[in-house]
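Below: one structure, written as structure tokens.
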Amino acid sequence: MRFSPLPGRSAPALAAKGRTPEEVMALAARLWRFLLARRAPGPRPSAGAAGRLGGGGPGRVRGSEVMGNPGAFKRSLMFSALSYLGFETYQLLSPAAVVHAAAKGFRVEEILQQADYLYESGETEKLYQLLTEYKESEDAELLWRLARASRDLAQLSGTSAEEKKALVYEALEYAKRALEKNEASFAAHKWCAICISDVGDYEGIKAKIANAYVIKEHFEKAIELNPKDATSIHLMGIWCYTFAEMPWYQRRIANMLFAAPPSSTYEEALGYFQKAEQVDPNFYSKNLLLLGKTYLKLQNKKLAAFWLLKAKDYPAHTEEDKQIQREAAQLLAGFNGKN
């Protein structure tokens with residue numbers, strides 16, 4: 001079902017016309033009880049649902065950074081009906097300024113609900129179209145989602161090289177604005193770091209190395225603000241792994257350009273990958289693969305084989321999962337798992 005981002009009048013809202021404030025409040029209470037009674041019983045989905053990062057780097061990141069979950073669709077239906085009736089209630093009971101603020105709050109919340117539903121459904125183009133209608137928004141939650149949608153659209157195979165570059169820079173601007181609006185948003189910090197990394201691919205080795213410091217700071221801040229977000233921890237592990245295995249010629253360039261170039265170790269990377277797995281077990285096939293590869297770098301073939309086998313057997317929901325399965329299988333074929 002497709003929702004309109006700017007919905008019109010609903011039946012409950014029209015029913016409120018001509019009623020006294022007391023009647024509207026009573027009607028709202030009855031509707032609330034009715035909708036709650038009709039909600040399907042069962043456990044609520046975990047906030048740390050299975051995560052995804054897109055091909056070639058962090059892309060589709062799903063997990064606690066997404067404020068919704070697969071149940072957002074049901075919640076949005078209930079919220080829509082209540083919001084219209086609630087708006088009419090405020091028209092009867094509140095001054096005009098409060099009415100406008102309340103209506104704006106309802107609208108933003110509904111847009112976020114719709115956005116999270118489209119994201120969970122993999123509707124990248126529809127999500128981008130929805131959110132770009134509100135690109136002038138001052139809401140940080142909407143802006144970081146727009147940064148993510150722009151970045152995801154850039155990763156699609158049908159996106160041209162020229163369009164991809166434009167979208168990458170566009171995503172960074174949205175992420176920066178989200179951070180300006182709310183520096184306490186862990187998701188804004190995370191997506192700002194991801195987008196800065198993407199832009200670095202177009203700006204040369206010097207800019208890429210210089211940006212590495214900023215990227216690390218944003219990931220560390222995201223983890224500080226939300227230590228239960230496995231994807232931020234995983235991405236910090238990738239940062240460490242990347243600089244631990246930096247080729248000698250890049251390291252030489254870094255030493256020439258910077259007095260103290262960024263550096264890390266495989267042990268540090270391993271700590272982050274392990275922590276991500278503790279926070280949300282089996283949340284992402286790439287985290288399993290990198291655990292195996294890091295143990296290989298540390299000459300621990302037994303534990304490397306353990307994690308590579310988990311990566312190979314991970315259910316393939318995306319093309320990236322399939323690629324990870326193949327890589328894990330190739331690595332496993334290269335040794336017998338003995339120390």
Side-chain angles (χ1 to χ4, degrees), residues 1-6 49-70 72-73 75-76 107-182 185-202 215 218-219 222 226 229 231-232 235 284 317-320:
M1 182 180 294
R2 187 176 185 278
F3 293 93
S4 169
L6 292 174
R52 289 289 178 276
L53 304 174
R60 282 193 59 75
V61 182
R62 300 165 82 180
S64 53
E65 141 255 343
V66 181
M67 301 309 172
N69 53 47
F73 177 61
R75 292 199 306 274
S76 66
R107 184 170 299 150
V108 169
E109 181 63 27
E110 287 190 334
I111 294 166
L112 297 182
Q113 294 271 6
Q114 293 175 42
D116 288 343
Y117 175 71
L118 289 173
Y119 179 74
E120 291 291 338
S121 302
E123 298 282 0
T124 302
E125 293 180 350
K126 290 182 180 179
L127 174 60
Y128 178 78
Q129 290 169 4
L130 168 68
L131 292 178
T132 48
E133 293 185 36
Y134 308 98
K135 62 184 178 181
E136 302 303 325
S137 172
E138 301 292 307
D139 190 278
E141 291 297 306
L142 194 152
L143 288 169
W144 73 251
R145 284 170 170 80
L146 181 51
R148 181 183 64 185
S150 302
R151 203 267 182 184
D152 282 353
L153 188 60
Q155 300 298 310
L156 295 182
S157 58
T159 304
S160 69
E162 184 178 349
E163 290 172 329
K164 179 176 181 178
K165 182 177 180 179
L167 285 165
V168 162
Y169 279 91
E170 181 182 314
L172 178 58
E173 289 307 308
Y174 293 137
K176 285 181 176 179
R177 282 179 53 203
L179 204 55
E180 289 172 2
K181 301 305 176 184
N182 184 7
S185 169
F186 84 93
H189 280 282
K190 173 163 59 179
W191 284 98
C192 200
I194 292 171
C195 294
I196 290 171
S197 178
D198 287 344
V199 165
D201 292 338
Y202 297 97
I215 291 169
H218 282 303
F219 282 144
N226 186 0
D229 180 44
T231 57
S232 294
L235 292 168
Y284 182 34
H317 299 295
T318 67
E319 182 58 36
E320 185 188 31

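Since we're looking at a predicted model, the values are computed, not measured.
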Mind checking the [atom1]-[atom2] spacing from [X] to [Y]? Nearest 0.5 Å is all I need.
X: L130; Y: Q114; atom1: CG; atom2: CD; value: 5.5 Å
X: C195; Y: L179; atom1: SG; atom2: CG; value: 11.0 Å
X: L127; Y: L146; atom1: CG; atom2: CG; value: 8.5 Å
X: Y128; Y: L153; atom1: OH; atom2: CG; value: 6.5 Å
X: T231; Y: F219; atom1: OG1; atom2: CZ; value: 9.0 Å
X: S150; Y: W191; atom1: OG; atom2: CH2; value: 10.5 Å

Please give me the minimum heavy-atom distance between [X] and [Y], naming the atom from each residue.
X: A154; Y: V168; answer: CB-CG2, 4.2 Å
X: H218; Y: H189; answer: ND1-ND1, 3.1 Å
X: E320; Y: Y284; answer: OE2-OH, 2.8 Å
X: L172; Y: C192; answer: CD1-O, 4.2 Å
X: A178; Y: L143; answer: CB-CB, 3.7 Å
X: D198; Y: R151; answer: OD2-NE, 2.6 Å

Any side-chain heavy-atom pair from I194 and L235 closer than 4.5 angstrom?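 The answer is yes, as the side chains (C-beta and beyond) meet within the 4.5 Å cut-off.
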Distance to the ring centre below 6.0 angstrom and angle to the axis at most 45 degrees; does that hold for R145 and Y119? no
Any donor-acceptor pair under 3.5 Å linking the side chain of T159 with the backbone of Q155? no
Give a yes or no answer on whether the side chain of S137 reaches the backbone of D139 with a donor-acceptor pair at less than 3.5 Å.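 Indeed, once roles are kept as given, a pair shorter than 3.5 Å links the two residues.
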S232 and D229: side chain donor to acceptor below 3.5 Å: yes
Is it true that, when you exclude E319 itself, more than 12 heavy atoms of the residues, nucleotides or ligands shown sit nearer than 6.0 Å to its CD?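 Buried by this count: over 12 neighbours within 6.0 Å.
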Mind jotting down which residue pairs meet the salt bridge (Lys or Arg N to Asp or Glu O under 4.0 Å) criterion with at least one end in residues 154-176? Sequence neighbours excluded, please.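 The answer is none; no pair qualifies.
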Walk me through whether L156 and D152 qualify under side-chain contact (heavy atoms from CB on, under 4.5 Å). CA-CA 7 Å; L156 295 182; D152 282 353; over 6 Å; no
